[in-house]
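Here's the structure, in C-alpha cells; my notes come after.
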Amino acid sequence: MSTKYQKGFGLPENFSSVLKDFTREVLRAQPENIAEFAANYFTELADSSQTKEAKAEESEPISSPDDQIKELVRQLLQRYDVDGSGSLDFQEFLTMGADAGWPEQYAASVFEQLRLICDRDNSGCLDKDELRAWLS
C-alpha cells in the first residue's frame, strides 16, 4: 500500500526498452516456463553486454561513413535476424519497423520497395550487402 509519504521509485535507464524486448521474445517463443525462460534470457543479455563492453574497449572508434553503415547493418542483423540466416526476411523486417515505431503497413510497404530495388539475388530477403546498399 502506498502513502503520500512513501518515496517514489524512478526507473533505471533503458528499463522500458529491455522490458519491451523481453516481452517480444516471450510472445515469440511462447515458453511453458516463463521464469526459466526469463533467467536464460537475462543471463544471455548480461553475457552479451559484458562481451560488447569488452569489445568496445578493444576496438578503435568507427570513423568513416562506410564503417558506420557496416556497423549499423551488423547491429541490425544481430538484433533482428532471429533465424540466423544472415539476412532479414519479411517478418524480421516488420519487427524492426515496429521497434522503430513504424505502422505495420508502412513497414511492409518499405520492405516490398527495398526488396524490388535492393534484393539482387531475388531471395526475398535483405542480406548485409543489400542492407548496406539501402543505407548508403
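Any value given below was found using the heavy atoms of this structure, including those in side chains, with hydrogens, waters and symmetry copies removed. Being a predicted model, the structure only gives us computed values, none of them experimental.
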Set of residues satisfying side chain to side chain contact (heavy atoms under 4.5 Å, CB included) with respect to Glu36, sequence neighbours excluded: Asn33, Asn40

Partners passing side chain to side chain contact (heavy atoms under 4.5 Å, CB included) against Gln113 (at least two apart in sequence or in another chain): Ser109

Contact list for residues 124-136, test salt bridge (charged side-chain N to carboxylate O under 4.0 Å, His left out), sequence neighbours left out: Asp129-Arg132

With sequence neighbours excluded, residues passing salt bridge (charged side-chain N to carboxylate O under 4.0 Å, His left out) with Lys20: none

Pairing residues for Asp99 by the side chain to side chain donor-acceptor pair (under 3.5 Å) criterion, not counting sequence neighbours: Arg24, Tyr80

Any residue meeting side chain to side chain contact (heavy atoms under 4.5 Å, CB included) with Ala29, in chain and number order, not counting sequence neighbours: Pro31, Phe37

Test side chain to side chain donor-acceptor pair (under 3.5 Å) applied to Asp89 - qualifying residues, sequence neighbours left out: none

Spacing of CD belonging to Gln75 relative to CD belonging to Gln78, to within rounding of 0.5 Å: 7.5 Å

Within 6.0 Å of CD in Gln30, more than 12 heavy atoms from elsewhere: yes

Residues forming a side chain to side chain donor-acceptor pair (under 3.5 Å) with Arg79, sequence neighbours excluded: Asp21

Show which side-chain atoms of residues 101-108 pair as donor or acceptor with protein atoms under 3.5 Å away, not counting sequence neighbours.
none

Donor on one side chain, acceptor on other, Ser64 and Asp66, under 3.5 Å: no

Pairs involving residues 107-127, ordered by first then second residue, that meet ring-ring contact (aromatic ring centres under 6.0 Å, His included) (sequence neighbours left out): Phe90-Phe111, Phe93-Phe111

Test side chain to side chain contact (heavy atoms under 4.5 Å, CB included) applied to Leu72 - qualifying residues, sequence neighbours left out: Leu76, Leu135

Residues in side chain to side chain donor-acceptor pair (under 3.5 Å) contact with Glu112, at least two apart in sequence or another chain: Arg115

CG on Asp81 to CG on Leu126, rounded to 0.5 Å: 11.5 Å

